[in-house]
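Structure first, commentary second.
Chain letters run A, B, ... following the sequence lines, proteins first, then strands; residues in each count from 1. Predicted model only: the values in this text are computed from it and were never measured.
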Amino acid sequence: MLDPKFLRENTDAVRKGVARKKFQVDLDAVLAADERRRHAVTEFESARAGQNAANQAMAKLPKGSPEFVAKVAEMKALSAKVKELEKSVADAESSWRDACLTVPNIPDPSVPEGRAEADNVVAAAWGDPAALVSAAAKPHWDIPGFAKAIDFERGVKVTGAGFPFYVGDMARLVRSLVQFFLEHAAERGYTEVHAPLLVNPASATATGQLPDKEGQMYHAPTDDLYLIPTAEVPVTNFFRDEILSAADLPVKRCGYTPCFRREAGSWGAHVRGLNRLHQFDKVELVKWCAPDRSLAELESLREDAELILRKLNLPYRVLLICAGDIGFPHSKQYDLEVWAGGQRRWLEVSSCSSFTDFQARRAGIRYRDAEGKVHTVHTLNGSGLGLPRVLAAILENNLRPDGSVAVPEALRRWFGKDSLALG
RNA sequence: GGAGAGGUGGCAGAGUGGUCGAUUGCACCUGACUUGAAAUCAGGCGAGCCCGCGAGGGUUCCGGGGGUUCGAAUCCCUCCCUCUCCGCCA
(Lines give C-alpha, C1' and ligand atoms only; values in the text may rest on other atoms or scores of the structure.)
Protein backbone atom coordinates (compact mmCIF):
# COMPACT_ATOMS: atom_id res chain seq x y z
CA MET A 1 0.00 0.00 0.00
CA LEU A 2 1.26 3.45 -0.94
CA ASP A 3 1.38 6.29 1.54
CA PRO A 4 -2.02 7.95 1.07
CA LYS A 5 -0.50 11.37 1.62
CA PHE A 6 2.16 10.68 -0.99
CA LEU A 7 -0.49 9.58 -3.45
CA ARG A 8 -2.49 12.74 -2.79
CA GLU A 9 0.47 15.08 -3.13
CA ASN A 10 2.35 13.30 -5.93
CA THR A 11 -0.44 11.97 -8.05
CA ASP A 12 1.42 12.57 -11.30
CA ALA A 13 4.49 10.70 -10.15
CA VAL A 14 2.32 7.78 -9.09
CA ARG A 15 0.47 7.89 -12.38
CA LYS A 16 3.74 7.71 -14.25
CA GLY A 17 5.07 4.92 -12.07
CA VAL A 18 1.94 2.85 -12.49
CA ALA A 19 2.09 3.39 -16.25
CA ARG A 20 5.71 2.25 -16.27
CA LYS A 21 4.61 -0.94 -14.59
CA LYS A 22 1.88 -1.42 -17.20
CA PHE A 23 -0.77 -1.66 -14.51
CA GLN A 24 -4.27 -0.35 -15.06
CA VAL A 25 -5.49 1.55 -12.03
CA ASP A 26 -8.18 4.18 -11.66
CA LEU A 27 -6.21 6.62 -9.52
CA ASP A 28 -8.96 9.21 -9.70
CA ALA A 29 -11.34 6.74 -8.11
CA VAL A 30 -8.83 6.14 -5.32
CA LEU A 31 -8.45 9.87 -4.76
CA ALA A 32 -12.20 10.34 -4.77
CA ALA A 33 -12.56 7.59 -2.19
CA ASP A 34 -9.93 9.32 -0.09
CA GLU A 35 -11.84 12.58 -0.39
CA ARG A 36 -15.10 10.91 0.67
CA ARG A 37 -13.39 9.25 3.58
CA ARG A 38 -11.87 12.45 4.91
CA HIS A 39 -15.13 14.29 4.54
CA ALA A 40 -17.00 11.55 6.43
CA VAL A 41 -14.37 11.51 9.18
CA THR A 42 -14.52 15.26 9.67
CA GLU A 43 -18.29 15.21 9.84
CA PHE A 44 -18.41 12.36 12.30
CA GLU A 45 -15.74 13.82 14.52
CA SER A 46 -17.40 17.18 14.91
CA ALA A 47 -20.71 15.51 15.80
CA ARG A 48 -18.87 13.32 18.25
CA ALA A 49 -17.14 16.31 19.81
CA GLY A 50 -20.56 17.84 20.47
CA GLN A 51 -21.81 14.63 22.01
CA ASN A 52 -18.76 14.29 24.22
CA ALA A 53 -19.11 17.85 25.49
CA ALA A 54 -22.80 17.36 26.24
CA ASN A 55 -22.12 14.10 28.04
CA GLN A 56 -19.52 15.75 30.21
CA ALA A 57 -22.02 18.43 31.13
CA MET A 58 -24.61 15.75 31.94
CA ALA A 59 -22.22 14.01 34.27
CA LYS A 60 -22.44 17.05 36.54
CA LEU A 61 -26.22 17.14 36.67
CA PRO A 62 -28.01 15.23 39.41
CA LYS A 63 -29.43 12.06 37.99
CA GLY A 64 -33.18 12.07 37.60
CA SER A 65 -33.44 15.85 37.84
CA PRO A 66 -35.79 17.49 35.32
CA GLU A 67 -32.85 19.03 33.45
CA PHE A 68 -31.17 15.65 33.30
CA VAL A 69 -34.24 13.92 31.93
CA ALA A 70 -34.72 16.64 29.35
CA LYS A 71 -31.10 16.37 28.33
CA VAL A 72 -31.33 12.60 27.87
CA ALA A 73 -34.27 13.04 25.54
CA GLU A 74 -32.41 15.69 23.61
CA MET A 75 -29.27 13.62 23.39
CA LYS A 76 -31.07 10.63 21.94
CA ALA A 77 -31.37 12.32 18.59
CA LEU A 78 -27.75 13.35 18.54
CA SER A 79 -26.70 9.86 19.58
CA ALA A 80 -28.59 8.36 16.67
CA LYS A 81 -27.01 10.82 14.28
CA VAL A 82 -23.52 10.08 15.57
CA LYS A 83 -24.14 6.38 15.10
CA GLU A 84 -25.22 6.99 11.55
CA LEU A 85 -22.16 9.11 10.81
CA GLU A 86 -19.94 6.51 12.40
CA LYS A 87 -21.31 3.92 10.07
CA SER A 88 -20.72 6.06 7.01
CA VAL A 89 -17.13 6.59 8.17
CA ALA A 90 -16.70 2.82 8.41
CA ASP A 91 -18.15 2.39 4.91
CA ALA A 92 -16.03 5.18 3.45
CA GLU A 93 -12.89 3.82 5.07
CA SER A 94 -13.39 0.29 3.91
CA SER A 95 -14.06 1.26 0.30
CA TRP A 96 -11.10 3.63 0.41
CA ARG A 97 -8.92 0.83 1.77
CA ASP A 98 -10.08 -1.51 -0.96
CA ALA A 99 -9.29 1.16 -3.53
CA CYS A 100 -5.82 1.69 -2.08
CA LEU A 101 -5.07 -2.01 -2.34
CA THR A 102 -5.48 -1.81 -6.10
CA VAL A 103 -2.57 0.61 -6.44
CA PRO A 104 0.80 -1.07 -7.02
CA ASN A 105 4.08 0.18 -5.67
CA ILE A 106 5.87 2.49 -8.07
CA PRO A 107 9.20 1.41 -9.58
CA ASP A 108 12.44 2.99 -8.48
CA PRO A 109 13.85 5.48 -11.02
CA SER A 110 16.77 3.10 -11.62
CA VAL A 111 14.42 0.40 -12.91
CA PRO A 112 14.68 0.16 -16.72
CA GLU A 113 11.75 0.66 -19.06
CA GLY A 114 10.25 -2.42 -20.60
CA ARG A 115 7.08 -4.33 -21.25
CA ALA A 116 7.91 -7.90 -20.34
CA GLU A 117 10.48 -10.56 -19.56
CA ALA A 118 12.37 -9.99 -22.79
CA ASP A 119 13.15 -6.42 -21.73
CA ASN A 120 14.94 -7.38 -18.54
CA VAL A 121 18.53 -6.22 -18.40
CA VAL A 122 21.46 -8.49 -17.66
CA ALA A 123 23.13 -6.62 -14.84
CA ALA A 124 25.90 -9.07 -14.12
CA ALA A 125 27.10 -12.52 -15.04
CA TRP A 126 29.58 -14.97 -13.61
CA GLY A 127 31.08 -18.22 -14.87
CA ASP A 128 31.15 -19.71 -18.32
CA PRO A 129 27.97 -21.50 -19.44
CA ALA A 130 29.53 -22.44 -22.78
CA ALA A 131 32.08 -24.61 -21.04
CA LEU A 132 29.26 -26.75 -19.70
CA VAL A 133 27.60 -27.40 -23.01
CA SER A 134 28.48 -30.83 -24.34
CA ALA A 135 26.85 -33.72 -26.13
CA ALA A 136 26.93 -35.74 -22.93
CA ALA A 137 25.04 -33.13 -20.94
CA LYS A 138 21.43 -34.01 -20.23
CA PRO A 139 18.48 -32.68 -18.27
CA HIS A 140 18.58 -33.93 -14.71
CA TRP A 141 15.50 -36.09 -15.20
CA ASP A 142 17.33 -38.05 -17.89
CA ILE A 143 20.33 -38.85 -15.73
CA PRO A 144 20.38 -42.61 -15.13
CA GLY A 145 19.15 -43.39 -11.65
CA PHE A 146 17.39 -40.05 -11.20
CA ALA A 147 13.92 -41.57 -10.77
CA LYS A 148 15.19 -43.68 -7.90
CA ALA A 149 17.09 -40.88 -6.16
CA ILE A 150 14.26 -38.37 -6.55
CA ASP A 151 11.11 -40.42 -6.59
CA PHE A 152 8.23 -38.56 -8.17
CA GLU A 153 6.13 -41.68 -8.65
CA ARG A 154 6.06 -42.52 -4.97
CA GLY A 155 5.32 -38.85 -4.32
CA VAL A 156 2.29 -39.06 -6.57
CA LYS A 157 1.06 -42.12 -4.74
CA VAL A 158 1.54 -40.63 -1.31
CA THR A 159 0.50 -37.05 -2.01
CA GLY A 160 0.23 -35.98 -5.63
CA ALA A 161 2.24 -34.49 -8.48
CA GLY A 162 5.03 -32.18 -7.46
CA PHE A 163 5.74 -33.76 -4.07
CA PRO A 164 8.79 -35.95 -4.69
CA PHE A 165 10.73 -38.07 -2.23
CA TYR A 166 14.48 -37.51 -2.08
CA VAL A 167 16.10 -40.81 -1.23
CA GLY A 168 19.39 -41.84 0.33
CA ASP A 169 22.37 -39.69 -0.63
CA MET A 170 20.06 -37.36 -2.51
CA ALA A 171 18.23 -36.63 0.73
CA ARG A 172 21.60 -36.05 2.33
CA LEU A 173 22.55 -33.66 -0.46
CA VAL A 174 19.34 -31.70 0.08
CA ARG A 175 20.13 -31.45 3.77
CA SER A 176 23.70 -30.39 2.96
CA LEU A 177 22.44 -27.60 0.75
CA VAL A 178 20.12 -26.33 3.47
CA GLN A 179 23.00 -26.33 5.95
CA PHE A 180 25.27 -24.60 3.51
CA PHE A 181 22.72 -21.90 2.70
CA LEU A 182 22.05 -21.23 6.38
CA GLU A 183 25.72 -21.14 7.32
CA HIS A 184 26.38 -18.72 4.49
CA ALA A 185 23.54 -16.45 5.62
CA ALA A 186 24.88 -16.52 9.17
CA GLU A 187 28.32 -15.50 7.90
CA ARG A 188 26.69 -12.59 6.10
CA GLY A 189 25.10 -11.37 9.31
CA TYR A 190 21.60 -12.79 9.12
CA THR A 191 20.03 -14.14 12.30
CA GLU A 192 18.42 -17.50 11.73
CA VAL A 193 14.78 -18.06 12.59
CA HIS A 194 12.93 -21.32 12.41
CA ALA A 195 9.43 -20.24 11.53
CA PRO A 196 5.87 -21.59 11.58
CA LEU A 197 4.86 -23.24 8.32
CA LEU A 198 1.23 -22.22 8.65
CA VAL A 199 0.07 -18.65 9.01
CA ASN A 200 -3.21 -16.94 9.77
CA PRO A 201 -5.07 -14.74 7.29
CA ALA A 202 -3.80 -11.53 8.92
CA SER A 203 -0.21 -12.51 8.19
CA ALA A 204 -0.95 -13.60 4.64
CA THR A 205 -2.69 -10.28 4.08
CA ALA A 206 0.14 -8.21 5.53
CA THR A 207 2.74 -9.57 3.13
CA GLY A 208 0.34 -9.40 0.20
CA GLN A 209 -0.54 -13.04 -0.49
CA LEU A 210 -4.13 -12.24 0.36
CA PRO A 211 -6.38 -11.34 -1.23
CA ASP A 212 -4.75 -11.46 -4.68
CA LYS A 213 -2.85 -14.71 -4.59
CA GLU A 214 -5.21 -16.77 -2.48
CA GLY A 215 -5.41 -19.43 -5.17
CA GLN A 216 -1.68 -20.04 -4.99
CA MET A 217 -1.72 -21.10 -1.35
CA TYR A 218 -2.83 -24.30 0.28
CA HIS A 219 -5.49 -23.60 2.87
CA ALA A 220 -6.51 -25.56 5.95
CA PRO A 221 -10.13 -24.46 6.34
CA THR A 222 -10.88 -26.10 9.69
CA ASP A 223 -8.47 -23.73 11.39
CA ASP A 224 -8.38 -21.08 8.65
CA LEU A 225 -4.61 -21.32 8.24
CA TYR A 226 -2.51 -21.12 5.10
CA LEU A 227 0.58 -23.17 4.28
CA ILE A 228 3.34 -20.71 3.59
CA PRO A 229 4.36 -20.20 -0.05
CA THR A 230 7.65 -18.74 1.18
CA ALA A 231 9.35 -18.04 4.50
CA GLU A 232 8.94 -14.37 3.63
CA VAL A 233 5.44 -14.55 5.09
CA PRO A 234 6.14 -15.71 8.65
CA VAL A 235 9.57 -14.06 8.84
CA THR A 236 8.33 -10.63 7.73
CA ASN A 237 5.28 -10.89 9.97
CA PHE A 238 7.52 -11.43 12.98
CA PHE A 239 7.52 -7.65 13.44
CA ARG A 240 3.97 -6.98 12.28
CA ASP A 241 2.40 -4.01 14.08
CA GLU A 242 5.62 -3.29 15.92
CA ILE A 243 7.86 -0.26 16.17
CA LEU A 244 11.55 -1.00 15.81
CA SER A 245 14.33 1.17 17.10
CA ALA A 246 16.41 3.02 14.50
CA ALA A 247 19.56 1.86 16.28
CA ASP A 248 18.65 -1.76 15.48
CA LEU A 249 18.36 -1.19 11.72
CA PRO A 250 19.05 -2.85 9.45
CA VAL A 251 17.60 -6.01 10.93
CA LYS A 252 18.68 -9.06 8.95
CA ARG A 253 16.98 -12.41 9.32
CA CYS A 254 17.14 -15.68 7.45
CA GLY A 255 14.96 -18.73 7.63
CA TYR A 256 14.86 -22.16 6.12
CA THR A 257 11.41 -23.56 5.40
CA PRO A 258 9.68 -25.85 3.00
CA CYS A 259 7.48 -23.77 0.69
CA PHE A 260 4.08 -24.84 -0.54
CA ARG A 261 2.62 -23.58 -3.78
CA ARG A 262 -0.44 -24.78 -5.62
CA GLU A 263 0.97 -23.41 -8.88
CA ALA A 264 -2.51 -23.52 -10.34
CA GLY A 265 -2.33 -23.34 -14.09
CA SER A 266 1.41 -22.89 -14.37
CA TRP A 267 2.44 -26.33 -15.59
CA GLY A 268 3.90 -26.62 -19.05
CA ALA A 269 6.76 -27.83 -21.15
CA HIS A 270 9.47 -26.19 -19.08
CA VAL A 271 8.50 -27.39 -15.67
CA ARG A 272 9.62 -31.00 -15.69
CA GLY A 273 11.60 -32.59 -12.92
CA LEU A 274 12.82 -30.21 -10.27
CA ASN A 275 11.98 -27.07 -12.21
CA ARG A 276 8.63 -26.59 -10.52
CA LEU A 277 7.26 -28.34 -7.46
CA HIS A 278 4.34 -27.95 -5.08
CA GLN A 279 6.66 -28.36 -2.12
CA PHE A 280 10.25 -27.23 -2.15
CA ASP A 281 12.92 -26.07 0.26
CA LYS A 282 14.21 -22.55 0.41
CA VAL A 283 16.29 -20.30 2.61
CA GLU A 284 14.91 -16.79 2.60
CA LEU A 285 16.81 -13.61 3.47
CA VAL A 286 14.77 -10.74 4.88
CA LYS A 287 15.80 -7.21 5.83
CA TRP A 288 14.17 -4.25 7.50
CA CYS A 289 15.97 -0.94 7.03
CA ALA A 290 15.67 2.83 7.10
CA PRO A 291 14.25 4.35 3.90
CA ASP A 292 17.49 5.99 2.78
CA ARG A 293 19.26 2.65 2.95
CA SER A 294 17.00 0.39 0.94
CA LEU A 295 18.73 0.68 -2.44
CA ALA A 296 22.12 -0.05 -0.90
CA GLU A 297 20.66 -2.91 1.11
CA LEU A 298 19.20 -4.36 -2.07
CA GLU A 299 22.65 -4.39 -3.66
CA SER A 300 24.18 -6.15 -0.67
CA LEU A 301 21.29 -8.60 -0.51
CA ARG A 302 21.87 -9.48 -4.13
CA GLU A 303 25.56 -9.92 -3.41
CA ASP A 304 24.76 -12.20 -0.48
CA ALA A 305 22.72 -14.41 -2.80
CA GLU A 306 25.24 -14.27 -5.66
CA LEU A 307 28.05 -15.43 -3.42
CA ILE A 308 26.26 -18.70 -2.80
CA LEU A 309 26.34 -19.57 -6.49
CA ARG A 310 30.00 -18.63 -6.69
CA LYS A 311 30.84 -20.83 -3.75
CA LEU A 312 29.02 -23.66 -5.52
CA ASN A 313 30.87 -22.82 -8.74
CA LEU A 314 27.63 -22.50 -10.69
CA PRO A 315 27.53 -20.02 -13.60
CA TYR A 316 24.77 -17.48 -13.24
CA ARG A 317 23.48 -14.17 -14.45
CA VAL A 318 21.69 -11.37 -12.71
CA LEU A 319 18.69 -9.77 -14.33
CA LEU A 320 17.53 -6.31 -13.44
CA ILE A 321 13.81 -6.71 -13.92
CA CYS A 322 12.22 -4.07 -16.11
CA ALA A 323 9.31 -1.90 -15.00
CA GLY A 324 6.78 -3.90 -16.99
CA ASP A 325 7.83 -7.25 -15.52
CA ILE A 326 8.26 -6.22 -11.91
CA GLY A 327 5.78 -7.44 -9.33
CA PHE A 328 2.88 -5.49 -7.86
CA PRO A 329 4.48 -4.63 -4.49
CA HIS A 330 8.06 -4.32 -5.76
CA SER A 331 10.08 -1.16 -6.12
CA LYS A 332 13.12 -2.80 -7.64
CA GLN A 333 13.95 -6.40 -8.32
CA TYR A 334 16.89 -8.54 -9.37
CA ASP A 335 16.52 -12.16 -10.40
CA LEU A 336 19.42 -14.58 -10.14
CA GLU A 337 19.41 -17.31 -12.76
CA VAL A 338 21.67 -20.32 -12.64
CA TRP A 339 22.85 -22.07 -15.77
CA ALA A 340 21.54 -25.61 -16.08
CA GLY A 341 23.87 -27.18 -18.66
CA GLY A 342 21.73 -30.22 -19.37
CA GLN A 343 18.60 -28.23 -20.14
CA ARG A 344 20.71 -25.50 -21.68
CA ARG A 345 18.65 -22.83 -20.02
CA TRP A 346 18.72 -20.38 -17.17
CA LEU A 347 16.73 -21.26 -14.07
CA GLU A 348 15.60 -18.64 -11.62
CA VAL A 349 16.93 -19.49 -8.17
CA SER A 350 16.53 -16.18 -6.39
CA SER A 351 14.50 -13.04 -6.62
CA CYS A 352 15.88 -10.15 -4.59
CA SER A 353 13.53 -7.27 -4.10
CA SER A 354 13.02 -3.99 -2.38
CA PHE A 355 9.45 -3.15 -1.44
CA THR A 356 10.27 0.29 -0.07
CA ASP A 357 7.54 1.04 2.50
CA PHE A 358 4.82 -0.68 0.49
CA GLN A 359 4.77 -3.96 2.36
CA ALA A 360 5.73 -2.48 5.72
CA ARG A 361 2.82 -0.04 5.62
CA ARG A 362 0.46 -2.89 5.04
CA ALA A 363 2.12 -4.91 7.79
CA GLY A 364 2.35 -1.98 10.21
CA ILE A 365 6.11 -2.27 10.68
CA ARG A 366 7.68 1.05 11.71
CA TYR A 367 10.74 2.43 13.42
CA ARG A 368 11.43 5.27 15.79
CA ASP A 369 14.18 7.68 14.72
CA ALA A 370 16.65 9.49 16.98
CA GLU A 371 14.15 12.30 17.58
CA GLY A 372 11.48 9.85 18.60
CA LYS A 373 9.47 10.25 15.40
CA VAL A 374 7.84 7.15 13.95
CA HIS A 375 8.26 6.19 10.30
CA THR A 376 7.47 3.18 8.15
CA VAL A 377 10.48 0.91 7.56
CA HIS A 378 11.54 -0.42 4.20
CA THR A 379 11.51 -4.18 3.71
CA LEU A 380 13.55 -6.33 1.38
CA ASN A 381 13.80 -10.00 0.75
CA GLY A 382 15.49 -12.49 -1.47
CA SER A 383 15.99 -16.20 -1.75
CA GLY A 384 19.28 -17.50 -0.58
CA LEU A 385 18.48 -19.80 -2.38
CA GLY A 386 15.62 -21.88 -3.71
CA LEU A 387 16.86 -25.40 -3.42
CA PRO A 388 15.51 -27.68 -6.20
CA ARG A 389 16.76 -25.65 -9.13
CA VAL A 390 20.18 -25.28 -7.55
CA LEU A 391 20.14 -29.03 -7.15
CA ALA A 392 19.11 -29.43 -10.79
CA ALA A 393 22.04 -27.26 -11.88
CA ILE A 394 24.47 -29.22 -9.73
CA LEU A 395 23.25 -32.51 -11.15
CA GLU A 396 23.38 -31.31 -14.75
CA ASN A 397 26.59 -29.29 -14.61
CA ASN A 398 28.59 -31.71 -12.47
CA LEU A 399 27.61 -34.95 -14.17
CA ARG A 400 30.64 -37.09 -14.89
CA PRO A 401 31.05 -39.65 -17.68
CA ASP A 402 30.65 -42.51 -15.20
CA GLY A 403 27.19 -41.24 -14.27
CA SER A 404 28.14 -39.91 -10.86
CA VAL A 405 27.83 -36.27 -9.85
CA ALA A 406 30.71 -34.26 -8.41
CA VAL A 407 29.64 -32.64 -5.16
CA PRO A 408 30.73 -29.00 -4.95
CA GLU A 409 33.59 -28.42 -2.56
CA ALA A 410 31.45 -26.11 -0.43
CA LEU A 411 29.01 -28.91 0.38
CA ARG A 412 31.46 -31.63 1.28
CA ARG A 413 31.72 -30.51 4.86
CA TRP A 414 28.10 -31.59 5.33
CA PHE A 415 27.72 -34.19 2.63
CA GLY A 416 30.85 -36.04 3.72
CA LYS A 417 31.78 -37.29 0.26
CA ASP A 418 32.99 -35.67 -2.94
CA SER A 419 30.67 -37.52 -5.23
CA LEU A 420 27.08 -38.61 -5.45
CA ALA A 421 26.08 -41.87 -7.10
CA LEU A 422 22.55 -41.97 -8.45
CA GLY A 423 20.63 -45.17 -8.72
C1' G B 1 -11.42 -31.54 24.62
C1' G B 2 -13.65 -30.22 29.98
C1' A B 3 -13.63 -26.81 34.39
C1' G B 4 -11.90 -22.29 36.49
C1' A B 5 -9.15 -17.55 36.29
C1' G B 6 -7.58 -13.74 33.31
C1' G B 7 -6.24 -10.35 28.75
C1' U B 8 -5.43 -2.38 30.51
C1' G B 9 0.25 2.03 27.75
C1' G B 10 7.75 -0.62 26.75
C1' C B 11 7.11 -3.66 31.54
C1' A B 12 4.55 -4.25 36.26
C1' G B 13 -0.14 -3.11 37.97
C1' A B 14 -4.84 0.16 39.73
C1' G B 15 -9.42 1.23 37.81
C1' U B 16 -16.63 -2.30 37.77
C1' G B 17 -21.34 3.03 34.07
C1' G B 18 -20.11 9.65 33.86
C1' U B 19 -14.64 15.35 33.67
C1' C B 20 -10.60 8.04 32.22
C1' G B 21 -6.17 7.72 27.14
C1' A B 22 -6.78 6.00 31.97
C1' U B 23 -3.80 6.28 39.42
C1' U B 24 0.95 4.48 40.72
C1' G B 25 5.76 2.12 40.24
C1' C B 26 9.79 0.67 36.94
C1' A B 27 12.18 1.77 32.41
C1' C B 28 13.30 5.81 29.14
C1' C B 29 14.23 11.30 27.71
C1' U B 30 15.33 16.53 29.21
C1' G B 31 16.85 19.89 32.94
C1' A B 32 18.77 21.15 38.04
C1' C B 33 22.39 19.67 41.75
C1' U B 34 27.63 17.24 40.96
C1' U B 35 34.56 17.73 38.75
C1' G B 36 31.98 13.25 36.62
C1' A B 37 28.70 9.44 37.99
C1' A B 38 25.20 7.57 41.46
C1' A B 39 21.38 9.32 44.51
C1' U B 40 17.80 13.23 44.80
C1' C B 41 14.51 16.93 42.78
C1' A B 42 11.51 19.16 38.55
C1' G B 43 9.38 18.27 33.93
C1' G B 44 8.41 15.06 29.88
C1' C B 45 7.28 10.30 28.08
C1' G B 46 1.69 5.44 23.41
C1' A B 47 -0.22 4.92 18.47
C1' G B 48 -3.64 5.86 14.29
C1' C B 49 -6.66 9.31 11.84
C1' C B 50 -9.04 14.34 10.73
C1' C B 51 -8.68 19.85 10.54
C1' G B 52 -4.71 23.65 10.37
C1' C B 53 0.91 27.01 6.66
C1' G B 54 1.97 26.68 11.79
C1' A B 55 1.17 27.05 16.88
C1' G B 56 -2.35 23.97 18.00
C1' G B 57 -7.23 21.71 18.16
C1' G B 58 -10.39 17.42 17.52
C1' U B 59 -11.29 12.23 17.30
C1' U B 60 -10.47 6.91 17.82
C1' C B 61 -8.00 2.92 20.32
C1' C B 62 -8.11 -0.63 27.53
C1' G B 63 -7.33 -8.74 23.14
C1' G B 64 -10.87 -8.80 18.13
C1' G B 65 -15.95 -8.12 16.56
C1' G B 66 -21.01 -6.95 17.82
C1' G B 67 -24.80 -5.07 21.38
C1' U B 68 -27.20 -2.17 25.61
C1' U B 69 -26.97 3.22 27.14
C1' C B 70 -27.62 10.22 26.65
C1' G B 71 -22.70 8.16 28.16
C1' A B 72 -18.76 1.79 28.23
C1' A B 73 -11.94 0.01 30.08
C1' U B 74 -16.29 -0.89 33.34
C1' C B 75 -22.69 -4.22 31.67
C1' C B 76 -24.33 -8.19 27.78
C1' C B 77 -23.20 -11.59 23.46
C1' U B 78 -19.48 -13.81 20.53
C1' C B 79 -14.67 -15.10 18.83
C1' C B 80 -9.36 -15.30 19.80
C1' C B 81 -5.43 -15.81 23.16
C1' U B 82 -2.81 -16.73 28.06
C1' C B 83 -2.54 -19.19 32.86
C1' U B 84 -4.09 -23.26 36.51
C1' C B 85 -6.28 -28.09 37.10
C1' C B 86 -8.25 -32.52 34.59
C1' G B 87 -8.33 -35.54 30.10
C1' C B 88 -5.70 -37.01 25.66
C1' C B 89 -1.12 -37.30 23.17
C1' A B 90 4.28 -36.59 20.40
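A:Lys76 comes within 4.0 angstrom of the backbone, heavy atoms only, and of no base. If you check every strand for non-hydrogen atoms under 4.0 Å, A:Gln51 touches sugar and phosphate atoms only. Counting any heavy atom pair closer than 4.0 Å across all strands shown, A:Lys5 reaches no nucleic acid atom.
You'll find the ring centres of A:Phe260 and A:His278 outside the 6.0 Å limit.
Of the candidate nucleotides B:rU60, B:rG58, B:rC70, B:rC70 has the atom lying nearest to any side-chain atom of A:Met58. Listed nucleotides: B:rU19, B:rC51, B:rU59. Nearest to the side chain of A:Thr42: B:rC51. Out of B:rG48, B:rC50, B:rG18, the shortest distance to the side chain of A:Val374 is found at B:rG48. Taking only side-chain atoms of A:Asn52, from C-beta outward, the nucleotide of B:rG71, B:rG48, B:rU59 with the closest atom is B:rU59. Ranking B:rC50, B:rA47, B:rG18 by closeness to the A:Lys63 side chain, first place goes to B:rG18. Candidate nucleotides B:rU60, B:rC51, B:rC70 were compared by shortest atom distance to the side chain of A:Val72, and B:rC70 ranks first. The side chain of A:Arg368 sits closest to B:rG46 out of B:rC51, B:rC70, B:rG46.
Across all strands shown, B:rU84 is found opposite B:rA3 as a Watson-Crick or G-U wobble partner, with both distances under 3.5 Å. Nucleotide B:rU24 forms a pair with B:rA12, judged by Watson-Crick or G-U wobble geometry with both contacts under 3.5 Å. For B:rU68, there is no paired base (Watson-Crick or G-U wobble, both distances below 3.5 Å).
When the C1' atom is used for both B:rG56 and B:rC20, the distance is 23 Å, rounded to whole Å. Here, B:rG15 and B:rU74 have their P atoms 15 Å apart, quoted to the whole Å. Taking the C1' atoms as reference points, B:rG87 lies 39 Å from B:rA72, given to the whole Å. Rounded to a whole angstrom, the distance from the C1' atom of B:rU19 to that of B:rA73 is 16 Å.
Taking atom CD on A:Glu35 and atom P on B:rC49, their separation rounds to 17 Å, with Å as the unit. Straight-line distance from the CH2 atom of A:Trp96 to the P atom of B:rC50: 7 Å, rounded to whole Å.
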